[in-house]
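Worksheet: the structure to be examined is printed underneath.
Below, chains carry the letters A, B, ... as their sequence lines are ordered, and counting in each starts from 1. Treat the numbers as computed from the prediction; the structure is a model and nothing was measured.
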Number of protein chains: 2
Amino acid sequence: MNVTIKDIANLAGVSYSTVSKALNDSELVKPETKDKILKIAKELGYEPNFAAQRLVSKQTKTIGLVWPSIERATLSTLVTKINEEISKYSYSMILSINPVKTSFDMFKRFQVDGMIVFEENDETLTDQSLTSSIPTIAHGVAGNNVLPVIDVNWQQAMYDAVNYLYKLGHSKIAFIGDFSPVDRRQMEKFKGFQKAMKEFNLPVNAENLVNAGGLDWYDGYVATKKLLHSTYKPTALIGSSYDISSGIIRSLREENIIIPKDMSVIGYDNIPQMGTLETPLTSVGVPIDQLAVKIVDSLMKLINDKSSVPHVQIMTPEIVERASCSK
Amino acid sequence: MNVTIKDIANLAGVSYSTVSKALNDSELVKPETKDKILKIAKELGYEPNFAAQRLVSKQTKTIGLVWPSIERATLSTLVTKINEEISKYSYSMILSINPVKTSFDMFKRFQVDGMIVFEENDETLTDQSLTSSIPTIAHGVAGNNVLPVIDVNWQQAMYDAVNYLYKLGHSKIAFIGDFSPVDRRQMEKFKGFQKAMKEFNLPVNAENLVNAGGLDWYDGYVATKKLLHSTYKPTALIGSSYDISSGIIRSLREENIIIPKDMSVIGYDNIPQMGTLETPLTSVGVPIDQLAVKIVDSLMKLINDKSSVPHVQIMTPEIVERASCSK
DNA sequence: TTGAAAGCGGTACCAA
DNA sequence: TTGGTACCGCTTTCAA
């Protein structure tokens with residue numbers, strides 16, 4: 001059996017409510033008594049029963065993060081950052097890699113104080129049944145979202161990328177991305193690209209629009225290969241994700257195309273790893289730290305005051321230059 | 001305020017102990033009563049208070065998994081498998097990406113029924129303070145391990161790889177791995193390679209031993225490049241991890257070296273992804289499913305009977321042929 | 001400054 | 001088949 005405050009009370013010769021106070025460092029206990037109690041508690045190896053505490057206090061100081069697809073690398077950086085951010089508030093984070101509903105149920109059982117979900121598909125954010133009594137923040141594309149969401153201006157990110165290249169003098173710009181319509185984030189990026197191209201009177205067609213059909217580096221690699229062997233000769237490439245961009249670089253190297261001399265490249269995803277690729281890449285996107293801070297901040301606000309968080313918050317992307325583009 | 005069994009009892013006009021029984025599907029409640037109670041519970045949107053249940057039952061049906069370095073891809077497959085395996089026992093899994101000690105403390109607070117840790121460094125398994133009242137299984141290299149550990153016969157894996165190649169007629173076999181001495185798993189692989197080579201009277205020296213200095217694909221890529229441009233001309237390569245092997249393939253392709261015609265390649269890590277690489281790779285290692293099953297099985301045994309699990313269990317690797325080797 | 005006692009939301013045993 | 005009740009371990013008034 002575990003040590004309880006009653007055991008301590010017995011040995012200390014005080015009531016157990018006094019022990020409780022002492023352990024919580026209350027002002028109402030005489031210092032000597034407190035010391036004595038603390039000492040005994042230590043000797044006995046006392047560990048508070050969290051379930052009992054919770055039953056009374058209704059606080060767990062824990063955030064649950066739902067992350068059903070751990071195999072996608074880019075997000076792991078964000079998760080790590082979020083974890084750090086949460087610690088700053090002296091909260092803990094637990095992770096579940098089960099489907100959203102299952103995870104929510106589990107977190108509910110554990111009575112976490114708050115939850116964070118990443119958008120998985122269209123329904124993640126709009127499914128009515130996912131409303132929760134527990135403060136929850138989602139990260140994904142705003143729409144009919146049931147939960148308050150932290151969104152990113154994906155369109156603008158791509159617009160900025162095109163604009164950046166255009167200003168450098170490029171007009172033959174290709175976009176390599178995943179156009180599977182289930183992923184709204186990818187769709188948004190695509191729209192942004194289209195919009196920018198149109199504005200600059202540049203064509204968007206089957207030639208400069210390359211569907212990688214997936215988000216792994218290999219998809220980007222194959223897509224780029226195909227592009228390079230087509231008749232269209234772009235002078236600049238935009239990769240729609242970190243992994244895809246890494247595939248692009250590989251393809252270019254194999255073909256002995258030098259970045260940025262022969263080809264300018266910009267990648268989406270503003271994570272530090274962009275700078276440690278084979279060829280460091282100029283990238284566009286919301287800096288991952290900012291995103292983590294915003295998510296955690298919003299959640300904490302939501303926990304303290306249910307009505308204090310906007311239903312949609314959109315983050316502005318930035319360009320980080322790493323010399324992978326030239327005129 | 002949340003709905004409690006007392007609320008239900010009031011509305012149903014029964015005592016709350018009856019409600020408790022009904023909700024737990026006890027035989028001792030008349031079906032009609034049960035139905036009525038269940039119906040009311042549903043209407044009220046009743047959700048049991050887990051903390052209260054736990055306070056009494058002392059069971060959480062939850063396993064905590066400590067995984068401080070989520071950024072390493074290979075393990076994510078194992079984690080996913082473990083999660084699946086745990087579900088089969090109708091347990092849930094929660095994950096912590098904090099340092100081992102911090103994670104243990106948190107899991108303890110949540111009173112998980114069991115824990116799983118992956119070896120991070122020498123101390124993870126030997127640190128006395130990590131003994132825990134909660135049943136815990138570690139995965140890593142056995143040694144002075146405090147916790148029961150599921151180990152893999154890394155040496156034999158590499159031995160098998162060399163043997164396999166040798167039998168095919170290769171004698172110029174190079175090993176590309178990470179020799180940083182902090183990672184005991186890597187060290188073990190290296191030893192196995194050495195041992196096998198010695199047995200077949202093949203030399204081990206600076207030429208065929210390539211230190212990638214890291215575990216990312218890029219490390220393997222650079223190392224292979226270097227090797228290919230050296231005077232030593234191997235006919236077979238062994239990659240010490242999935243990522244490194246993927247770098248090897250890539251280097252070979254760039255140099256127009258065909259697998260397996262011009263070069264035989266075996267990779268460590270027995271995960272399905274080995275078959276979906278640019279060039280599917282013959283690989284050696286403990287099949288990841290087996291590993292997951294063993295880990296979870298052992299943990300469940302440990303939970304049910306503290307003394308039933310051997311202090312060290314070593315899994316035997318297997319070779320999966322995928323036509324990346326020839327004579 | 002300390003203690004007594006009333007819960008928190010359940011489970012489980014015993015009595016009715 | 002149901003109800004009464006004693007806990008589980010702790011926090012938090014309220015009295016002493």
Heavy-atom neighbours of A:N304 CG exceed 12 at 6.0 Å: yes
Per B:T33 side chain, nearest of listed nucleotides C:dG10, D:dT2, C:dG3: D:dT2
Residue-phosphate contact under 4.0 Å: A:N49 side-chain N/O, D:dC8 OP1/OP2: no
Separation of C:dT2 P from A:D35 CG (nearest whole Å): 11 Å
Basic-acidic side-chain contact under 4.0 Å: A:R185, A:E119: no
Closest listed nucleotide, where the reference is the side chain of A:I5 and the choices are D:dC10, C:dG9, D:dG4: D:dC10
Interatomic distance, A:K6 NZ vs D:dG9 C1' [rounded to whole Å]: 7 Å
Per A:K21 side chain, nearest of listed nucleotides D:dG3, D:dT2, C:dG3: C:dG3
Sugar-phosphate only, base, or nothing, as touched by B:Q59 at under 4.0 Å among non-hydrogen atoms: nothing
A:L44 CG - D:dG9 C1' separation (whole Å): 15 Å
Verdict with reasoning, B:D113 to B:T60, per side-chain hydrogen bond (donor to acceptor under 3.5 Å, both in side chains): CA-CA 6 Å; B:D113 295 340; B:T60 56; 3.1 Å; yes
Whichever of B:S17 and B:L55 has its nearest DNA chain D nucleotide further upstream toward 5': B:S17
OP1 or OP2 of C:dT11 under 4.0 Å from side-chain N/O of B:Q53: yes
Nearest-neighbour nucleotide for the A:Y16 side chain, C:dG9, C:dT2, D:dC10 considered: D:dC10
Phosphate-side-chain proximity, B:S15 and D:dG3, N/O vs OP1/OP2 below 4.0 Å: yes
Steps toward salt bridge (charged side-chain N to carboxylate O under 4.0 Å, His left out) verdict (B:E43, B:K39): CA-CA 6 Å; B:E43 277 167 10; B:K39 193 160 150 271; 3.8 Å; yes
Nearest-Å distance for atom pair CZ/C1', residues B:R54 and D:dC7: 18 Å
B:N24 CG - C:dG9 C1' separation (whole Å): 13 Å
Residues A:Y89 and A:D297: side-chain donor-acceptor under 3.5 angstrom: yes
Which nucleotide in C:dG3, C:dT1, C:dG9 has an atom nearest any side-chain atom of A:L28: C:dT1
Candidate pair A:K294 and A:Q313, rule side-chain hydrogen bond (donor to acceptor under 3.5 Å, both in side chains), full reasoning: CA-CA 9 Å; A:K294 177 57 108 184; A:Q313 292 181 88; 3.2 Å; yes
Any donor-acceptor N/O pair under 3.5 Å between D:dG9 base and B:K58 side chain: no
Between P of C:dG10 and CD1 of B:I37, the distance in whole Å: 14 Å
Side chain of B:T4 - closest among C:dT2, C:dG9, C:dC8: C:dG9
B:Y46 vs A:E27, nearer the 5' end of DNA chain C by closest nucleotide: A:E27
Separation of C:dT2 P from A:L23 CG (nearest whole Å): 14 Å
A:T18 side-chain N/O to C:dT2 phosphate OP1/OP2 under 4.0 Å: no
Options D:dG3, C:dT11, D:dT12, nucleotide nearest the side-chain atoms of A:S20: D:dT12
